[in-house]
Number of protein chains: 2
Amino acid sequence: MTPRPAGTSAPSTAGPSTTEGTSGVHTEPASAAVRTRSQHQRRKRIVQAAAALASRGGVEAMQMRTVAERAGVALGTLYRYFPSKMDLVVAVVGEEIDLLESSIERRPPSAGTPAGRAVDILMRATRGLMREPELADALIRSLIMAEVDTPFGDRMTDLLLRVAGNGITAETATDEQFALAGSLSSVWVHELLEMLRGRRTHEQIQRRVEIAAARLLADFPVPPST
Amino acid sequence: MTPRPAGTSAPSTAGPSTTEGTSGVHTEPASAAVRTRSQHQRRKRIVQAAAALASRGGVEAMQMRTVAERAGVALGTLYRYFPSKMDLVVAVVGEEIDLLESSIERRPPSAGTPAGRAVDILMRATRGLMREPELADALIRSLIMAEVDTPFGDRMTDLLLRVAGNGITAETATDEQFALAGSLSSVWVHELLEMLRGRRTHEQIQRRVEIAAARLLADFPVPPST
DNA sequence: CGAAAAAGTAGAACAGATTCTATTATTTGT
DNA sequence: ACAAATAATAGAATCTGTTCTACTTTTTCG
């Protein structure tokens, strides 16, 4: 699941990566205990508000002031939780990826070859993202722009490794396999970008991803049988 | 409200491309004729100023006000030539790519395999870009972000096709070869980004590009001999 | 040449992200 | 329960991209 201590509501500290380097511990006892009446899921409310706004007009519509307002917190508070707009975007993306992961758990790719399975989840992710083009655009772009680590590419690479590689994990994978899965992931991201730019159709992406996957994952382990 | 009629009469002389989609002709008589005394290479001065600033502190340092000042033009004029900061960035990039191309002409890759040649030019490009990390960062990121066509990925793909594919061109290439070259190009761009984020060393990039190229360009035509 | 068009200029104005301030809750430790 | 610490809040202020205004200088051309 989410490697993120999400539940913890410590504003500044912890957090989803964020630009902050601070890795300090925070002294927040609760995780479920309702603070006073309706206090403390501020983080969740913020992310929701942000996602909602982004689904509409993309990042532009997701203005910090507006998000704060809509989430019912002060601008300053918003900035306490998310030091920059980017951090907020990353949080929103996190949720999207969670969704994809659970979808995969629910209905794992069935193709017989590693490449086939990889294409399966990549296209599923594509469809999922494309359901909210504005949001997708905003998110993908922002992530690529991010100064620092964003869980996106890495999580996707991991997913590919696990699903396509028949149980390989970041641990057990060889350096080369890791590199290959990573390459496929970046090809996909790039195609996604092109689609957002209106230069690719769904079919074209599928074709290209298939072509790349077939080469890149050619010698990934095939599952024993079924 | 208004979609800038940009192409119209703009000083957007010829063109290192820029974001402008307008391929229209411009009514600019001169191209070399010195206007009055020192007028008209304003564009060049602007791009130079921009590049210089970007080489220092990256995009942030390349503030429109500062660029204008340094180029000795009014802010309004700067915006007449480059409707947005992005356009300016694209122009700067254009020059960088030109540099790479001429470097390749001067000393074409010598490796015997398509993959080898591809790696050669990609690493050469990497080194070239890394000479000015701030600039590279600014440029790469901006280009990826660009709403519209930017000559970057395409020009690189083309280059790869020509150089690695032993004379193949966008014309003669099969759909698949085109896709494969494109994939390699996106892998490279992604690695470059990771390097800029400080998550890759030169060697790691080389390794990963080699791994990807070996798979992706496996069945590209090999030169007759030599 | 002389007027209309095009290009420049200085600088104000606007917008949205981020920062800062002063003040008011809440929480926590004891 | 109470003082110190922490979290929030409203809102002003700052910064930088972009737009707009009012003029001045060049260029184009009949």
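Naming convention: chains lettered A, B, ... in sequence-line order (proteins, then strands); numbering from 1 in each chain. The model shown is predicted, which means the values in this text are computed figures rather than measured ones. Values reported hereafter were calculated over all heavy atoms of this structure, with side chains retained and with hydrogens, waters and symmetry mates removed.
In this structure, CG of A:Leu88 is placed 11 Å from P of C:dA17, rounded to the nearest angstrom. The distance between atom CZ of A:Arg43 and atom C1' of D:dA8, rounded to the nearest whole Å, is 16 Å. Straight-line distance from the CG atom of A:Leu53 to the C1' atom of C:dG16: 14 Å, rounded to whole Å. The distance between atom OH of B:Tyr79 and atom P of C:dA13, rounded to the nearest whole Å, is 18 Å.
The side chain to side chain donor-acceptor pair (under 3.5 Å) test applied to B:Arg162 returns no partner, not counting sequence neighbours. In this view, A:Glu69 satisfies the side chain to side chain donor-acceptor pair (under 3.5 Å) rule with no residue, not counting sequence neighbours. Residues passing the side chain to side chain donor-acceptor pair (under 3.5 Å) test with A:Gln48: none are found, sequence neighbours excluded. Under the salt bridge (Lys or Arg N to Asp or Glu O under 4.0 Å) criterion, B:Arg124 pairs with B:Asp120, sequence neighbours left out. Taking the side-chain contact (heavy atoms from CB on, under 4.5 Å) definition, one finds that B:Ala50 meets it with B:Met62, B:Val67, B:Leu88, B:Val92, sequence neighbours left out. For B:Thr169, the side-chain contact (heavy atoms from CB on, under 4.5 Å) criterion is met by B:Glu171, B:Thr172, not counting sequence neighbours. For the salt bridge (Lys or Arg N to Asp or Glu O under 4.0 Å) test, residues two or more places apart in sequence or in another chain that qualify with B:Arg207 are A:Asp175.
Taking the side chain as every heavy atom from C-beta outward, A:Met130 and A:Met195 approach each other to under 4.5 Å.
Taking side-chain N and O atoms only, B:Tyr81 has a distance below 4.0 Å to OP1 or OP2 of C:dG8.
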Listing time: all N or O pairs from protein to nucleotides 9-11 of chain D that are below 3.5 Å?
unit_1: D:dT9; atom_1: OP2; unit_2: A:Ala74; atom_2: N; d: 2.9
unit_1: D:dT9; atom_1: OP2; unit_2: A:Thr77; atom_2: OG1; d: 2.0

Hey, what are the protein-to-nucleotides 14-16 of chain D N/O distances that come in under 3.5 Å?
unit_1: D:dT16; atom_1: OP1; unit_2: B:Gln63; atom_2: NE2; d: 2.8
unit_1: D:dT16; atom_1: O5'; unit_2: B:Gln63; atom_2: NE2; d: 3.3

